[in-house]
Colleague: 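Quick one: this structure, given as C-alpha cells, is what I'll be asking you about.
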Amino acid sequence: MYISHIFVTALAAASTAQAFSIQEEAHNANEVSKRTLGNLLSLLSGLIGGNKQSTACPAVWNQISTQLTEQFLADGQCTDAARAAIRSSFHDCFNGACDGSLILADECSNQENRGLERLCGNLKTVQANTGVGMADLIQFAAAHGVKTCPGGPTVPVKVGRKDSSIANALGVLPNGQAQSGDLIKLFASKGFSPVDLAALLGAHTAAKQRVTAPESPEDLDSTVGRWDNKYFSETRSGKAPFTLPSDKSVAQNPLTMIPFNTFALSKGAWDVAFVSAMQRMSMLGVNQKGLIDCTSALPGGSRKRDVRNSNLFDRLKW
C-alpha cells in the first residue's frame, strides 16, 4: 500500500518599518523629551488606526454571510444552492479570470453553465442590494458554501477583485466525459498539479449531476449533504450513486491515483490540499495588490479550529 504525504507550504510576507525623525528646539530638556514622545505616539496611533481602517473587512460581508447561510443550510446539511455556489467559483475563474463575468456577461446562460441559472439570479440580487463586487461575491459564496457543508474546511477569501462584463472564452471548461490525461494537461496550463486536480475534484463530495446522465442518479457520493471524503473511496470502488466518467478516469490515472487514494484514507490530508488549491483557484487572473481578507465573515470556525477538530490520524496527515 502506498501512503503519500501532502506538504503544504506558506510564504510569509515580510513587513517594512518606517523611521520618524522629530527635531525640536527647546530650552528645557525635559520638555523636549515629552514633546518628542507625544509626537511619536500620535504618529504611530495614526498609522495603526489607518491600517485597521484600510484592511478591516467591510461589515456588509457579515450581512451577506447571514443571508447565504439561510440559503445554503437546511436540516443540518448543505443545499443545492451551496453546491451551485461552490461550482460557480470554478466556472467564473477557470476559463479566463475570477472577474464576475459568469454573471455580468451572462455566461450563466451558456450550455456549459447549466444548473447555475438560479444561483446567478440570486447573487445578482444580493449584489444589487449591497453594492459589493460581483467577482468577490462569487468567490465569497463559494468559500461560504464549502464552510456551510458540515465538515467543510475554511477556505481563506479576499475581496477587492476587478469586475468585468466581457465574456470569457467558451469551450475551456471540461465536461463530465473528459479523459484524465486531457484534464491533467488542462489543469497544468493553469498552474495546477495532478495533486491539485484530485483535491479540487473532491468538491464533488457535495455535488449532484443532472446534465451528463439525466436519467441516472444525481448524487456523486452517498452523503452529498456533508463535506467528507467518501467521494474518493466510493468513486474508487464504484459504490457511489453515480460517478462521472471523467472522475473515474482521474481515479485510475497513474499521476492522480496516489493522491486520490490518499484522500480516500485521510480527510485531513484532502482538506489541506483542497484549501490550498481552491484558494489559488479563486485568484486566477486577479491582481492581488490591495485585496482585503474577509475570511472572518465566513460561518464560525478557523483554519486552526478545523485542525483541532480532526482526528489524530488526519492531524498527522498520514
Side-chain angles (χ1 to χ4, degrees), residues 61-94 98 100 102-103 108 113-127 129-130 132 134-157 159 173 199-211 217-232 234 240-242 244 247 267 270-271 274-275 277-279 281-282 294-303 306 309:
W61 290 103
N62 289 299
Q63 301 169 17
I64 292 173
S65 182
T66 300
Q67 296 177 38
L68 294 181
T69 297
E70 294 176 355
Q71 299 176 24
F72 290 176
L73 187 66
D75 299 323
Q77 296 191 357
C78 48
T79 64
D80 285 348
R83 284 182 263 283
I86 297 168
R87 182 181 171 215
S88 72
S89 170
F90 177 74
H91 282 240
D92 188 48
C93 297
F94 200 76
C98 306
L102 176 68
I103 296 174
C108 273
N113 294 317
R114 279 185 61 188
L116 293 178
E117 299 89 348
R118 185 174 181 179
L119 173 82
C120 289
N122 289 343
L123 293 187
K124 185 181 290 186
T125 300
V126 172
Q127 194 272 340
N129 291 335
T130 60
V132 299
M134 185 62 77
D136 292 335
L137 180 57
I138 291 172
Q139 300 310 314
F140 182 85
H144 195 293
V146 171
K147 187 62 183 176
T148 301
C149 290
T154 300
V155 179
V157 62
V159 299
L173 294 170
L200 288 169
L201 280 184
H204 287 172
T205 188
K208 296 181 178 181
Q209 70 83 28
R210 297 184 175 95
V211 177
E218 295 180 348
D219 299 358
L220 298 185
D221 88 354
S222 61
T223 53
V224 74
R226 295 186 57 83
W227 191 272
D228 55 35
N229 59 336
K230 286 187 177 180
Y231 159 80
F232 293 103
E234 293 180 353
F242 183 82
L244 297 170
D247 290 8
K267 179 180 180 295
W270 170 47
D271 281 345
F274 175 82
V275 167
M278 185 70 172
Q279 190 174 9
M281 176 75 71
S282 73
C294 274
T295 309
S296 61
L298 295 174
S302 67
R303 293 285 301 282
D306 291 342
N309 287 342

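In this text the structure is predicted, and so the values were computed from the model without any measurement. Hydrogens, waters and symmetry mates play no part in the numbers below; they use all other heavy atoms, side chains included.
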Colleague: Is any side-chain heavy atom of Ile138 less than 4.5 Å from a side-chain heavy atom of Cys98?
Modeller: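 No, side chains not in contact.
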
Colleague: List the atom of Ala85, the atom of Ser88, and the distance in Å for their closest heavy-atom pair.
Modeller: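 Minimum heavy-atom contact is O-OG, 2.6 Å.
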
Colleague: Would you check if Val155 and Lys147 make a side-chain contact, meaning some heavy-atom pair closer than 4.5 Å?
Modeller: no

Colleague: Hey, what do you get for CG (Leu102) to CG (Leu119), rounding to the nearest 0.5 Å?
Modeller: 8.0 Å

Colleague: Quick one: CG on Leu123 to CD1 on Ile103, what's the gap to the nearest 0.5 Å?
Modeller: 4.5 Å

Colleague: Please report the closest heavy-atom contact between Phe274 and Ala203, naming both atoms and the distance.
Modeller: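 In terms of heavy atoms, the two residues are closest at CE1-CB, 4.0 Å.
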
Colleague: Checking Tyr231 now: which residues fulfil ring-ring contact (aromatic ring centres under 6.0 Å, His included) with it, not counting sequence neighbours?
Modeller: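 Scan of Tyr231 (ring-ring contact (aromatic ring centres under 6.0 Å, His included), adjacent residues dropped) gives His204, Phe260.
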
Colleague: Are any side-chain N or O atoms of Asn129 and backbone N or O atoms of Thr125, one a donor and one an acceptor, separated by less than 3.5 Å?
Modeller: yes

Colleague: Going by the rule side chain to side chain donor-acceptor pair (under 3.5 Å), which residues pair with Trp227 if we only count those two or more places apart in sequence or in a different chain?
Modeller: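 Side chain to side chain donor-acceptor pair (under 3.5 Å) check on Trp227 returns Asp271.
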
Colleague: Do Pro150 and Asp228 make a side-chain contact, defined as non-hydrogen atoms from C-beta onward lying under 4.5 Å apart?
Modeller: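 Of all side-chain heavy-atom pairs linking Asp228 with Pro150, none is under 4.5 Å.
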
Colleague: Considering only heavy atoms from C-beta outward, does the side chain of Trp61 approach that of Asp136 to under 4.5 Å?
Modeller: yes

Colleague: Checking Ser222 now: which residues fulfil side chain to side chain donor-acceptor pair (under 3.5 Å) with it, not counting sequence neighbours?
Modeller: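 Glu234.
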
Colleague: Assess whether side chain to side chain contact (heavy atoms under 4.5 Å, CB included) is satisfied between Met134 and Asp92, documenting all intermediate values.
Modeller: CA-CA 10 Å; Met134 185 62 77; Asp92 188 48; over 6 Å; no

Colleague: Taking the side chain from Glu218 and the backbone from Gln209, do they hold a donor-acceptor pair closer than 3.5 Å?
Modeller: no

Colleague: Is there side-chain contact between Thr130 and Gln63, with heavy atoms separated by less than 4.5 Å?
Modeller: no

Colleague: Backbone N or O of Gln279 within a donor-acceptor pair of the Ser282 side chain at under 3.5 Å?
Modeller: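 Such a contact is found between Ser282 side chain and Gln279 backbone.
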
Colleague: Please name the pair of heavy atoms, one in Pro156 and one in Val275, separated by the smallest distance, quoted to 0.1 Å.
Modeller: CD-CG1, 3.8 Å

Colleague: How would you list, by chain and number, every residue that makes a salt bridge (Lys or Arg N to Asp or Glu O under 4.0 Å) with Asp221, sequence neighbours excluded?
Modeller: none

Colleague: Applying salt bridge (Lys or Arg N to Asp or Glu O under 4.0 Å), can you list everything that pairs with Asp80, at least two apart in sequence or on another chain?
Modeller: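 If we apply the salt bridge (Lys or Arg N to Asp or Glu O under 4.0 Å) test to Asp80, skipping adjacent residues, the hits are Arg83, Lys208, Arg210.
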
Colleague: Using the rule given for side chain to side chain contact (heavy atoms under 4.5 Å, CB included), can you reason through Phe140 versus Val132, listing the C-alpha separation, both sets of side-chain angles and the distance that settles it, and then say yes or no?
Modeller: CA-CA 11 Å; Phe140 182 85; Val132 299; over 6 Å; no

Colleague: Between Val157 and Thr295, what is the shortest heavy-atom contact and its length?
Modeller: N-OG1, 3.1 Å

Colleague: Nearest 0.5 angstrom please: Gln139 CD to Met278 CE, how far?
Modeller: 6.5 Å

Colleague: Any side-chain heavy-atom pair from Asn113 and Leu173 closer than 4.5 angstrom?
Modeller: yes

Colleague: For the residue pair Pro217 and Pro241, what are the closest heavy atoms and their distance?
Modeller: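 Minimum heavy-atom contact is CG-O, 3.6 Å.
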
Colleague: Compare every heavy atom of Ala135 with every heavy atom of Gly100, then report the nearest pair and how far apart it is.
Modeller: N-CB, 3.5 Å

Colleague: Could you give the side-chain donor-acceptor pairs of residues 66-77 under 3.5 Å, partners two or more places apart or in another chain?
Modeller:
from	atom 1	to	atom 2	distance (Å)
Thr66	OG1	Asn62	O	3.2
Thr69	OG1	Ser65	O	3.0
Thr69	OG1	His144	NE2	3.2

Colleague: Would you kindly say whether Thr205 and Asn229 are connected by a side-chain donor-acceptor distance under 3.5 Å?
Modeller: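 No - no donor-acceptor pair under 3.5 Å links their side chains.
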
